[in-house]
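Side chains are part of it too, since the values below use all heavy atoms of this structure and drop only hydrogens, waters and symmetry mates.
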Amino acid sequence: QVQLVESGGGLVQAGGSLRLSCSASGRTLSSNAVGWFRQVPEKEREFVAAISWNGVRTYYADSVKGRFTISRDNAKNTVYLQMVSLKPEDTAVYYCALSYYSGNSKLSDRKFYDSWGQGTQVTVSS
């Protein structure tokens with residue numbers, strides 16, 4: 001059973017940067033796509049970014065395209081989300097998740113993920 005742990009969240013001013021990490025234990029991440037999602041109270045969890053198992057393909061929500069970069073280091077069993085030019089509307093709890101889906105076309109859909117971390121809070125002040 002894989003365990004995912006997010007870290008790197010915090011409080012930052014608008015325009016600032018943060019790098020989130022998603023570390024796995026219990027099994028390797030290297031065979032699976034990994035996604036980042038975020039959620040604010042009373043709203044559904046929304047897709048942020050995803051990366052294929054080998055890091056060749058990346059996908060982003062329109063709202064973060066050009067500002068966020070997802071990457072992975074399979075040797076460290078870790079996936080990263082570099083966030084720059086942060087906006088107050090990026091404030092949320094950020095979750096990483098492991099996809100069981102063998103392809104890439106469904107990675108924006110949270111139904112195709114079956115292992116989730118506990119989340120890390122990102123707060124962007126104006």
Reported [atom1]-to-[atom2] distance for the pair [X] and [Y], which is rounded to 0.5 angstrom:
{"X": "Asn104", "Y": "Lys106", "atom1": "CG", "atom2": "NZ", "value": "12.0 Å"}
{"X": "Leu18", "Y": "Gln82", "atom1": "CG", "atom2": "CD", "value": "8.5 Å"}
{"X": "Arg27", "Y": "Asn77", "atom1": "CZ", "atom2": "CG", "value": "9.0 Å"}

Cluster overlap [X] with [Y], hydrophobic side-chain contacts below 4.5 Å:
{"X": "Tyr80", "Y": "Leu29", "answer": "no"}
{"X": "Val12", "Y": "Leu81", "answer": "yes"}
{"X": "Tyr60", "Y": "Val122", "answer": "yes"}
{"X": "Leu107", "Y": "Val64", "answer": "no"}
{"X": "Val79", "Y": "Val2", "answer": "yes"}

Determine, for Lys87 against Asp90, whether the closest basic-nitrogen to carboxylate-oxygen distance falls under 4.0 angstrom.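 Not counted as a salt bridge, because no side-chain N and carboxylate O are separated by less than 4.0 Å.
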Any donor-acceptor pair under 3.5 Å linking the side chain of [X] with the backbone of [Y]?
{"X": "Arg45", "Y": "Tyr95", "value": "no"}
{"X": "Asp109", "Y": "Phe47", "value": "no"}
{"X": "Thr91", "Y": "Val124", "value": "yes"}
{"X": "Arg72", "Y": "Ser52", "value": "yes"}
{"X": "Gln118", "Y": "Glu6", "value": "no"}

Near Lys111 NZ, under 6.0 Å, is it more than 12 heavy atoms from other residues, nucleotides or ligands?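 Incorrect, the count does not exceed 12.
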Surrounding CD of Gln3 (heavy atoms of other residues, nucleotides or ligands, distance under 6.0 Å), is the total greater than 12?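 No, CD of Gln3 has 12 or fewer neighbouring heavy atoms, counting only those of other groups under 6.0 Å.
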Contacts of type salt bridge (Lys or Arg N to Asp or Glu O under 4.0 Å), residue Lys43, not counting sequence neighbours: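 Here no residue qualifies.
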Can you name the residues that form a salt bridge (Lys or Arg N to Asp or Glu O under 4.0 Å) with Glu46, not counting sequence neighbours?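 Counting only residues at least two positions away or on another chain, Glu46 forms a salt bridge (Lys or Arg N to Asp or Glu O under 4.0 Å) with Arg38.
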Report the residue from Trp53, Phe112, Tyr113 that forms a ring pair (Phe, Tyr, Trp, His ring centres under 6.0 Å) with Tyr101.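 Checked Trp53, Phe112, Tyr113 against Tyr101; only one passes ring pair (Phe, Tyr, Trp, His ring centres under 6.0 Å): Phe112.
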What is the ring orientation for Phe68 with Tyr94, classed by angle as parallel under 30°, tilted 30 to 60°, or perpendicular over 60°?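 Tilted, since the angle between the ring planes falls between 30° and 60°.
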Taking all atoms of both residues into account, what is the closest heavy-atom pair of Ser115 and Leu4, and its distance?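 Heavy atoms of Ser115 and Leu4 come nearest at O-CD1, 3.4 Å.
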For Ser126 versus Ala14, what's the shortest heavy-atom pair and its separation?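 Scanning both residues, the minimum pair turns out to be CA-CB, 4.4 Å.
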For a side-chain contact (heavy atoms from CB on, under 4.5 Å) check, start with the C-alpha distance between Ser99 and Asn32, then their side-chain angles and the critical distance, and finish with the verdict. CA-CA 6 Å; Ser99 178; Asn32 297 79; 5.6 Å; no
Can you sort out the partners of Ser23 under side-chain contact (heavy atoms from CB on, under 4.5 Å), two or more places apart, ordered by chain and number?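 In terms of side-chain contact (heavy atoms from CB on, under 4.5 Å), with neighbours along the sequence ignored, Ser23 is linked to Thr78.
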Kindly indicate whether the side chain of Ser108, heavy atoms from C-beta on, has any atom under 4.5 Å from the side chain of Tyr59.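 Answer no - side chains too far apart.
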